[in-house]
Amino acid sequence: MAKILRVNMTDRTATYEDVPDKYKLLGGRGLTSTIVYDEVDPACHPLGPNNKLVFAPGLLTGTAAPTSARVSAGAKSPLTGGIKESNAGTEWPQLVARLGLKAIIVEGYPKDDGWWGLHVTKDGTKFFPAGEYVGQSLYSIFPGLFERFGKKAAIATIGIAGEHRMSMAGICYNDNSGRPSRYSGRGGLGAVMGSKHLKFIVVDGEGGPGVPVVNKELFDQGRKKLIEALNTHAITKPKGALNSYGTAVLVNILNEAGGYPTRNFREGRFEGAATTSGEAIFEGNKQRLGKELYNHACSPGCIIQCSNTWHRPDGSEHVSCVEYESTWALGANCGIPNLDDVAELIWHCNDLGIDTIETGGTIAVAMDAGLLPFGDAKGAIRLVQEEIGQATPLGRILGNGATFTGKAFGWPRVPSCKGQNMPAYEPRAVKGIGITYATSPMGADHTSGYTICPEILGVTGKIDQFAMDKADLSRAFQYTTAYMTDTTGHCLFIAFAILDIASGFEGVIDEVNGVLGTDFKVADAANLGKEIMDRELAFNRAAGFTKADDRVPEFMKYEKLPPHNVTWDVPDETLDAVFWA
Ligand code: SF4
């Protein structure tokens, strides 16, 4: 029978608990947000003793469902001050699920300066001293960790930024090749883990009971439908858009639409888009390697395989993965048009354990405020490596994110919502995603309600990107996402296929019913997501959030964004209609 593992860092105990009935049909974000809602005081300090860090594999994670190796990490966020769920694709949650664990709850507070790791196997748990790894680069320690714990282990950890409790610190997991490159990046959850002096959770799933499937026939029917949809859709099929060009295939598309934020959201088109795009990565690799290189899976069982690797001129590996968000944040948003520079910045972010979106957003704000000129790649690398990496006084300012940095520099142009920097879609040029940024309980987060599907990509049918009346659209995307991907454990990128191909959507519901023995219908998906989001919204309101927090920054209302020369003109009433009606 599945268990919850409760880890107390005050007395360093780890105990197995039965799963309460009310959690049995939950997984991923549904479970992390419910546990945070149930157990964390919304008024607590995110880095104090009363916050808890919860990890949960998705409902389908650990089964044979395709593209379902996702982990949700949840807590009160030090970046936003509200509830946070941040998910990542990695083998780690598959092993957690195969050990029969629904969730791992980390609570308590260290009594001294010691740092600890936790090793979880089928035989139980063991704490180990981790002081020797503190202050070290993640790339340098990962090979030794796999030697110590075995190649079949999977690692969740924090880097130097998390040790220093910086709000841009993520939780890092290994990818399929053992690189420290998969992230619960957003919201500073690495700082929460650091506040508890927990450096690692190493998991070995060997010999675990696995994830029970109540109705195997139904489950298999569902996964076949989903596989068929993923293998057919132009975006998700083998050698399709994601497998060829990675998520960075979006660079040229958003640039063309005039919605590609450039130089701290001063423009909507970047003259260096073509040289930092997914197509440029594909062609650059081909030139440097002398052959075409298609992308790989970040985690076992992914059939979309969108994860790329960038190579140096001599053909050696530089970094994996150059995601759309990363090439944008550290490229266009900082005015840097060179892929080798972008790759170097991503490498340093991975090495320190920081979110590439918040890092790029922060450097862009600092550039805008006069610390460096836009386009100064060497200066940007120095800020990351030497200032953040050595936790200097300037590094500690930058390491706490774009909003904090904007305050430190007295700078009003900070493109964030609820303290979290916006991702790579300009809200003035794509109104629906702006509504999601403003209203999501997670802060500015594209993944929480990806209206880019209809607004830019035409998935589910094209909707005018400039149309403003999108409260219903954003809410529907937010509810559906909260369940269909974030709770099931499927990667968000199945959305393209399941939104366009009805049998793919049904397939996910069949998979869930097969695993749980439930009888959910396609029409239930949004309501299941609503139940989860109602708890998140209630947590945030108890933490002090009001309608005034569901807004985009003021400068977007009076600054016209080229090339379309548009401002943020969505009425506040539309924003309030999303979750305050
Ligand atoms: S689609 Fe990409 S990000 Fe999602 S699980 Fe597969 S490789 Fe990872």
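Every number for a ligand or one of its atoms is a count from 1 in the order of the listing.
Partner of Glu511 under the side-chain hydrogen bond (donor to acceptor under 3.5 Å, both in side chains) criterion, out of Lys225, Gln221, His490: His490 alone.
Among residues two or more places apart in sequence or in another chain, the side chain to side chain donor-acceptor pair (under 3.5 Å) test is passed with Gln94 by none.
Close approach of ligand 1 to Arg182 (heavy-atom distance below 4.0 Å) involves ligand atoms 3 (S).
A donor-acceptor distance shorter than 3.5 angstrom exists from the side chain of Asn295 to the backbone of Leu242, with no hydrogens or angles considered. Listed for the Trp328 side chain is a donor-acceptor partner under 3.5 Å among the backbone atoms of Pro261.
Listed by chain and number, the protein N, O or S atoms at a distance under 2.8 Å from atom 4 (Fe) of ligand 1 are Cys491 SG.
Aromatic ring orientation, Trp92 versus Tyr173: tilted (interplanar angle from 30° to 60°).
Heavy atoms only, all atoms of each residue included: Asn255 and Phe270 are closest at OD1-N, 2.7 Å.
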